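Here is the structure we will look at.
Owing to the predicted nature of the structure, the values given are computational and were not obtained by experimental measurement. All values below come from the heavy atoms of this structure, side chains included, with hydrogens, waters and symmetry mates left out.
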Amino acid sequence: QVQLVESGGGLVQAGGSLRLSCDASGRTFSSMTMAWFRQAPGKEREFVAGINRSGATTNFADSVRGRFAISRDNAKNTVDLQMNSLKPEDTAVYYCAAGLAWYVSIWASSYHDWGQGTQVTISS
């Protein structure tokens, strides 16, 4: 099991940027595939971005591709989500997730540990 703590959420205007961070402790971080999901009020939790164990492979939802970037530092046990050109529809609670799949899955069921979430609100 790995414990995940997100930080960096907040309120920004449309067009702005935010950087979310996820600090991991417990299980060997470098053995985990990491991902960010988000959930808006009244909607299902959805995949945003993911990164494999080494950091060599990433995947993004179509809605954020080209605007968001994901990175990890296996020495510091952190995974970050850089969000640029933010839109009101990016408003959601963002969750960090860890899984053991060797590929970057877009399905929440592939991830077994979750953080508590951090609120991101984009004003128009």
Side-chain angles (χ1 to χ4, degrees):
Q1 187 176 9
V2 61
Q3 290 74 46
L4 304 172
V5 179
E6 303 98 334
S7 61
L11 170 65
V12 297
Q13 290 188 329
S17 298
L18 276 176
R19 188 176 184 89
L20 304 183
S21 292
C22 176
D23 292 330
S25 61
R27 196 171 187 145
T28 304
F29 179 75
S30 59
S31 69
M32 316 292 284
T33 292
M34 302 299 297
W36 288 92
F37 285 74
R38 67 186 181 187
Q39 188 166 19
K43 294 189 176 181
E44 296 288 323
R45 188 170 297 190
E46 65 174 359
F47 174 82
V48 176
I51 189 166
N52 75 336
R53 300 167 184 177
S54 68
T57 300
T58 59
N59 194 14
F60 296 91
D62 289 343
S63 59
V64 307
R65 187 173 287 113
R67 299 188 297 122
F68 289 14
I70 187 170
S71 61
R72 68 187 295 161
D73 187 332
N74 285 345
K76 296 181 178 179
N77 288 5
T78 60
V79 57
D80 291 346
L81 184 69
Q82 178 66 43
M83 307 187 294
N84 300 323
S85 303
L86 285 161
K87 305 175 181 180
E89 50 264 42
D90 293 318
T91 294
V93 177
Y94 282 70
Y95 297 90
C96 178
L100 291 173
W102 63 268
Y103 59 95
V104 181
S105 172
I106 66 171
W107 305 108
S109 58
S110 297
Y111 299 90
H112 51 72
D113 290 304
W114 295 80
Q116 81 289 348
T118 185
Q119 177 69 48
V120 171
T121 304
I122 312 302
S123 62
S124 57

Taking atom [atom1] of [X] and atom [atom2] of [Y], what is their separation to the nearest 0.5 Å?
X	Y	atom1	atom2	result
Asp113	Gln3	CG	CD	7.5 Å
Leu100	Ser110	CG	OG	10.5 Å
Met34	Thr58	CE	OG1	14.5 Å
Asp73	Ser30	CG	OG	11.5 Å
Leu86	Ile122	CG	CD1	4.0 Å
Phe68	Ser85	CZ	OG	9.0 Å

Any heavy-atom pair between the side chains of [Y] and [X] that's under 4.5 Å?
X	Y	answer
Asn59	Phe47	yes
Gln82	Ser71	no
Arg67	Lys87	yes
Arg19	Ser7	no

Apply side chain to side chain donor-acceptor pair (under 3.5 Å) to Thr33 and Asn52, showing your working.
CA-CA 5 Å; Thr33 292; Asn52 75 336; over 6 Å; no
Can you see whether Asp23 engages Thr78 through a side-chain donor-acceptor pair at a distance of less than 3.5 angstrom?
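The criterion, which ignores hydrogens and geometry beyond distance, is not satisfied for Thr78 and Asp23.
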Quick one: ring-ring contact (aromatic ring centres under 6.0 Å, His included) partners of Tyr111, sequence neighbours excluded?
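With sequence neighbours excluded, Tyr111 shows a ring-ring contact (aromatic ring centres under 6.0 Å, His included) to Phe37, given in chain and number order.
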Check the hydrophobic clustering (I, L, V, M, F, W, Y; side-chain heavy atoms under 4.5 Å; chains of links allowed) and say if [X] and [Y] are grouped together.
X	Y	answer
Trp36	Val64	yes
Met32	Val5	no
Leu18	Tyr95	no
Ile106	Trp114	yes

Short side-chain to backbone donor-acceptor contact, Glu6 and Gly117, under 3.5 Å:
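Yes: the side chain of Glu6 pairs with the backbone of Gly117.
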Search all heavy atoms of Val2 against all heavy atoms of Ser25 and return the closest pair with its distance.
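Closest heavy-atom pair between Val2 and Ser25: CG2-O, 3.1 Å.
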Which heavy atom of Ser124 sits nearest to which heavy atom of Ala14, and what is that distance?
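Result for this residue pair: CA-CB, 4.4 Å.
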Can you list the steps and then say if Cys96 with Val79 is a side-chain contact (heavy atoms from CB on, under 4.5 Å)?
CA-CA 8 Å; Cys96 178; Val79 57; 3.8 Å; yes
Thr121 and Gln119: CA distance, side-chain angles, deciding distance, side chain to side chain donor-acceptor pair (under 3.5 Å) verdict
CA-CA 6 Å; Thr121 304; Gln119 177 69 48; 3.3 Å; yes
Is there a side-chain contact (heavy atoms from CB on, under 4.5 Å) between Val48 and Tyr94 once you walk through the steps?
CA-CA 9 Å; Val48 176; Tyr94 282 70; 4.2 Å; yes
More than 12 heavy atoms from other groups under 6.0 Å of CD on Gln116
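Enclosed.
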Would you please test Leu20 and Val120 for side-chain contact (heavy atoms from CB on, under 4.5 Å) and show each step?
CA-CA 9 Å; Leu20 304 183; Val120 171; 4.0 Å; yes
Salt bridge or not between Asp80 and Arg72? Use side-chain N to carboxylate O under 4.0 Å.
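Result for this pair is no, no salt bridge flagged.
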Could you tell me which residues satisfy salt bridge (charged side-chain N to carboxylate O under 4.0 Å, His left out) with Arg38, sequence neighbours excluded, listed by chain and number?
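With sequence neighbours excluded, Arg38 shows a salt bridge (charged side-chain N to carboxylate O under 4.0 Å, His left out) to Glu46, Asp90, given in chain and number order.
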Trace of the side-chain contact (heavy atoms from CB on, under 4.5 Å) decision for Thr118 with Val93:
CA-CA 5 Å; Thr118 185; Val93 177; 6.0 Å; no
Taking the six-membered ring of Phe29, is the NZ or CZ of Arg53 close enough (under 6.0 Å from the centre) and on axis enough (within 45°)?
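No - Arg53 does not lie over the ring of Phe29 by the 6.0 Å and 45° rule.
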